[in-house]
Amino acid sequence: MPAPRIHYLVPDYDRPSWGIAMLYEHVALLRELGHDARVLHERAPFRIGWYACDVPVAHLDALDSPPAAGDLLVVPEVSAARAAALDWPCRRWVFVQGSFLVESGLGGAAGYRELGFERALAVLPFVAEIVERHYGLAAALVPPFVAPGFFLPDAETRPRSRTILLAVKPEYGALGAPDRELFLRVVNRELAARPANGWRVEELHGLSHAAVATRMADATFLVCLNTHEAFNTAVPEAMAAGCVVLCYDAVGGAEFLVDSENAWVFPNHHLWPLIGKLLALLDPAPERAAELGRLRAAARRTAERFTRAATRAALAAAFAPG
């Protein structure tokens, strides 16, 4: 009997998203572990262009052979109802990366078993708890990882430009959240009043993943204003690169953020205290270098919890036979 194939259903979405990249990386890691795994997109010849990951990609509108009864279909939580609508006899798992997207992906179902799913993968412990308590599936913990390119050997000591990177998803503006616009108006006005200091704000958008790593390796600060993310990937990426973080606690921040220890962390939408702290950090003071150095070292240790090797080991356990 041939070994079961593993198919990861991935939305046709080509804006930079580490959640999408993690689906590709799961396939790459499973293939390293000896599994027959591939990505499934909706329409040929789509595949993501902003992130390089060499894995087989098939398409629903041009499948050579659909998943068979012994095969496994793994889908992100946003595609749960879509996968359930596919009339295939294969087994089904759901990979939950964001707790706020679960309901929208269910398509009105009360839980995952109603849609034919038998197991879940979850990125963080609190996500696993939500899935098990509210959506009826046992969940294996498979943490995300920070891409290796962000881990610089000299991240804590390298010279840095007076750049403040700003990361916030455009969807928040569409929902009416004013954080980005208010931050840019206030901080740019403050910086214009002290041009001799040379600080500038640079928004992170429309860049490849490699380009983001390059910018984080050069900048001094990252401000992240996302509020609904479980992992908020830009934060641990900046930690790995030695870029000091000011951010909201979002949803899953308590899993790895400690205020004033590895980042400066504020409750969601507490923008004014965040701006105040940022501006204070821009003023030179004798103790500033030591303060930033201490925080960079703790942040690096935090980022090192999220490695590709750890994700690989978790996948090996989750997909082990039996």
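Keep in mind the model is a prediction, meaning the values are calculated, not measured.
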* State yes or no: do I20 and L207 share one hydrophobic cluster built from I, L, V, M, F, W and Y residues joined by side-chain heavy-atom distances below 4.5 Å, directly or via other members? => yes
* How about P11 and R82: do any of their side-chain heavy atoms sit closer than 4.5 Å? -> no
* **V39 side chain near L23 side chain, heavy-atom distance below 4.5 Å** => no
* Structure fact -> To the nearest 0.5 Å, atom CD of E42 lies from atom CG of L9 at 6.0 Å
* Is there a donor-acceptor pair under 3.5 Å between the side chain of N226 and the backbone N or O of K169? -> yes
* Could you tell me whether E32 and R312 have a side-chain N and a carboxylate O separated by less than 4.0 Å? => yes
* Whether R158 side chain and A217 backbone form a donor-acceptor pair below 3.5 Å -> yes
* Asked: Minimum heavy-atom separation for S99 to I130, with atom names?
  -> CB-CD1, 3.7 Å
* Do the side chains of V142 and H26 get nearer than 4.5 Å, heavy atoms only? -> yes
* Please check if V258 and V251 belong to a single hydrophobic cluster, counting links between Ile, Leu, Val, Met, Phe, Trp and Tyr side chain heavy atoms closer than 4.5 Å. => no
* Does L101 sit in a hydrophobic cluster with other residues, and if so which ones, taking ILVMFWY side chains as linked at heavy-atom separations under 4.5 Å, directly or through other members? -> V78
* To do: Could you tell me how the ring of F306 sits relative to the ring of F256: parallel (under 30°), tilted (30 to 60°) or perpendicular (over 60°)?
  => perpendicular
* Dump the intermediate steps for salt bridge (charged side-chain N to carboxylate O under 4.0 Å, His left out) on R301 and E304, then the final yes or no. => CA-CA 5 Å; R301 292 192 295 271; E304 287 171 347; over 6 Å; no
* Asked: Going from NE2 on H270 to CG on L274, what distance comes out if it is rounded to the nearest 0.5 angstrom?
  -> 11.0 Å
* Under 3.5 Å: donor-acceptor pair, side chain of R160, backbone of A219 -> yes
* Asked: Under 3.5 Å, side chain of D71 to main-chain N/O of I6, donor-acceptor pair present?
  -> no
* Which pair of non-hydrogen atoms, one from P125 and one from L141, has the smallest distance, and what is that distance? -> N-CD1, 3.7 Å
* **For the student: nearest non-hydrogen atoms of A238 and V245, plus distance** => CB-CG2, 3.7 Å
* Return yes when atom CG of D54 has more than 12 non-hydrogen atoms of other residues, nucleotides or ligands closer than 6.0 Å, and no otherwise. => no
* Decide ring-ring contact (aromatic ring centres under 6.0 Å, His included) for Y24 and W18; before the verdict, give the C-alpha distance in whole Å, the side-chain angles of both, and the deciding distance to 0.1 Å. => CA-CA 10 Å; Y24 271 69; W18 192 236; over 10 Å; no
* Answer whether the closest heavy-atom distance between the side chains of E25 and T311 falls below 4.5 Å. => no
* Report the relative orientation of the aromatic rings in F221 and W199; use parallel for angles under 30°, tilted for 30 to 60°, perpendicular for over 60°. => tilted
* Is there a side-chain contact between F95 and V123 (heavy atoms, below 4.5 Å)? -> yes
* Asked: So, do L257 and D249 sit near enough that their side-chain heavy atoms are less than 4.5 Å apart?
  -> no
* To do: Using a strict 4.0 Å threshold on nitrogen-to-oxygen distance, state whether R91 and E118 make a salt bridge.
  => yes
* Rounded to the nearest 0.5 Å, how far does CD of E255 lie from CZ of F126? -> 6.0 Å
* **Linked, directly or transitively: F231 and L225 (ILVMFWY side chains, under 4.5 Å)** => no
* Which heavy atom in C224 sits nearest to a heavy atom in N232, and how many Å separate them? -> SG-OD1, 3.5 Å
* Counting heavy atoms not belonging to D87, are there more than 12 under 6.0 Å from its CG? -> no
* Asked: Are V201 and L182 grouped together when hydrophobic residues (ILVMFWY) are joined by side-chain heavy atoms under 4.5 angstrom apart?
  -> yes
* Has the side chain of H41 got a donor or acceptor atom that lies under 3.5 Å from a matching backbone atom of V10? -> yes
* To do: Fit a plane to each ring of Y112 and F117, take the angle between them on a 0 to 90° scale, and name the class: parallel (under 30°), tilted (30 to 60°) or perpendicular (over 60°).
  => perpendicular
* Path from V94 to L315 over hydrophobic side-chain contacts below 4.5 Å -> yes
* Structure fact -> Heavy-atom closest pair (E261 atom, A298 atom, distance to 0.1 Å) is O-CB, 3.2 Å
* So do the side chains of R47 and D12 get within less than 4.5 Å of each other, counting heavy atoms only? -> no
* To do: Indicate whether any N or O donor in one side chain lies under 3.5 Å from an N or O acceptor in the other, for E103 and Y135.
  => yes
* To do: Keeping the roles fixed (side chain from R215, backbone from L165), state whether a donor-acceptor pair exists under 3.5 Å.
  => no
* Structure fact -> Interatomic distance, CZ@R31 vs CG@L33, rounded to 0.5 Å, equals 11.5 Å
* To do: Measure the spacing between OG of S65 and CZ of R5 and express it to the nearest 0.5 Å.
  => 3.5 Å
* Structure fact -> Of all heavy-atom pairs linking F150 and M216, the shortest is CE2-SD, 3.6 Å
* Can you tell me how far CG of L191 sits from CG of L278, rounded to the nearest 0.5 angstrom? -> 7.5 Å
* Verify, without hydrogens or angle tests, whether R113 (side chain) and G136 (backbone) share a donor-acceptor contact under 3.5 angstrom. => yes
* Asked: Is the ring centre of Y248 less than 6.0 Å from the ring centre of H228?
  -> no
* Do E181 and R185 pass the salt bridge (charged side-chain N to carboxylate O under 4.0 Å, His left out) test, and can you show the C-alpha distance, the side-chain angles, and the key distance before you say yes or no? -> CA-CA 6 Å; E181 290 74 12; R185 283 200 301 270; over 6 Å; no
* Check whether any side-chain heavy atom of L106 lies under 4.5 Å from a side-chain heavy atom of E114, and answer yes or no. => no
